[in-house]
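Here is the structure we will look at.
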Amino acid sequence: MLERLNQAMEHIECHLDQRIEVSDLARIAVTSEYHFRRLFSALAGIPLSEYIRRRRLTVAGAEVLAGERTLLEVAVRYGYTSGEAFARAFRAMHGVGPGEVRRVGASLQSQPRMSFRLIVEGSSSMRYRVVEKEEFRVVGRKARVPLVHEGVNPAIAAFIRAIDQETLQRIQSLSDQEPEGIVSVSDNLDDSRAEGTELD
């Protein structure tokens, strides 16, 4: 299944400048369109349409910087019916308009190409015991972040960096644990994961 899913991902990469039909992707993965969309969202943490949009704007950003095509040619190449629509989408992802990038250059956002592989976990045993505890409250901050299956998740790292000292001290004042053990990350996954991961 993973091999066929990665073949579908290769199809996306080869057709970023063309119309991509979900029916074609589902046929490659040997599943229905409905299940392909759900499977992709569950594994990738974002909807299929959003991933394709981000990949197109990532590649379009490189072409804008390269300067070999006009901005309108780049817009049409990646499925936009007007320069204005392309500029809006470009700015929403990259934080800067394509014209400005072409004139002065800028740092752009990138959606890396995705592929899927199987990782088996849970092969080691663990000792545990069940204890009863008095009622307690859990406090903290939460954010929705995309799934990253290897390496550091930049969204989680940015979330942790954004916690200011005042908030940290407030959390510490509410805790009966040692300060070193207060800030931690756990994942509480939404059933569909269609919009990402709930991070508590």
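Throughout, residue positions are numbered sequentially from 1 according to the sequence presented.
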Exercise. Where is the tightest heavy-atom contact between Ala60 and Tyr78, given as atom of each residue plus distance?
Worked result: CB-CD1, 3.8 Å
For this session: Kindly give the heavy-atom pair with the smallest separation between Phe90 and Gly61, and that separation in Å.
Result: CE1-CA, 3.7 Å
Exercise. For Glu3, does the CD atom sit with more than 12 other heavy atoms under 6.0 Å from it, leaving out its own atoms?
Worked result: no
For this session: With rounding to the nearest 0.5 Å, note down the distance linking NE2 in His15 to CZ in Arg55.
Result: 14.5 Å
Problem set entry | Distance-minimising heavy-atom pair for Phe116 and Ala44 | CE2-N, 4.3 Å
Exercise. Do Ile20 and Arg56 have side chains that get closer than 4.5 Å, going by heavy atoms?
Worked result: yes
Exercise. Is there a side-chain contact between Val96 and Leu108, using heavy atoms and a 4.5 Å cut-off?
Worked result: yes
Problem set entry | Contact check, side chains of Arg27 and Asp24, non-hydrogen atoms, under 4.5 Å | yes
Seminar exercise, completed: Here the gap from Glu10 atom CD to Leu25 atom CG, rounded to the nearest 0.5 Å, amounts to 12.0 Å
For this session: Please name the residue in the list Gln109, Gln111, His94 that meets the side chain to side chain contact (heavy atoms under 4.5 Å, CB included) test with Leu57.
Result: His94
Exercise. If we only count heavy atoms from C-beta on, is the Thr31 to Leu5 side-chain gap below 4.5 Å?
Worked result: no
For this session: For His35, look at atom NE2 and say whether over 12 heavy atoms of other residues, nucleotides or ligands are found less than 6.0 Å away.
Result: no
Exercise. Side chain of Arg102, backbone of Val64: donor and acceptor closer than 3.5 Å?
Worked result: yes
For this session: Calculate, to the nearest 0.5 Å, the distance between atoms CD1 and CZ belonging to Ile12 and Arg113 respectively.
Result: 9.5 Å
Exercise. Between Arg170 and Glu166, is there a side-chain N and carboxylate O pair less than 4.0 Å apart?
Worked result: no
For this session: Find out whether Leu43 and Met114 are in side-chain contact, i.e. whether some heavy atom of one side chain is under 4.5 Å from a heavy atom of the other.
Result: no
Problem set entry | Least distance between heavy atoms, Pro112 atom then Tyr51 atom | O-CE1, 3.8 Å
For this session: Grab the two heavy atoms, one from Ser82 and one from Ala75, that are nearest each other, plus how far apart they are.
Result: O-CB, 4.2 Å
Seminar exercise, completed: Taken to the nearest 0.5 Å, the spacing of Glu73 CD from Glu63 CD works out to 10.0 Å
Problem set entry | Least distance between heavy atoms, Ile28 atom then Ala8 atom | CG2-N, 3.6 Å
Exercise. Can you tell me how far CD of Gln18 sits from CZ of Arg77, rounded to the nearest 0.5 angstrom?
Worked result: 9.0 Å
Exercise. So how far is it from Glu50 CD to Ser41 OG, rounded to the nearest 0.5 Å?
Worked result: 10.5 Å
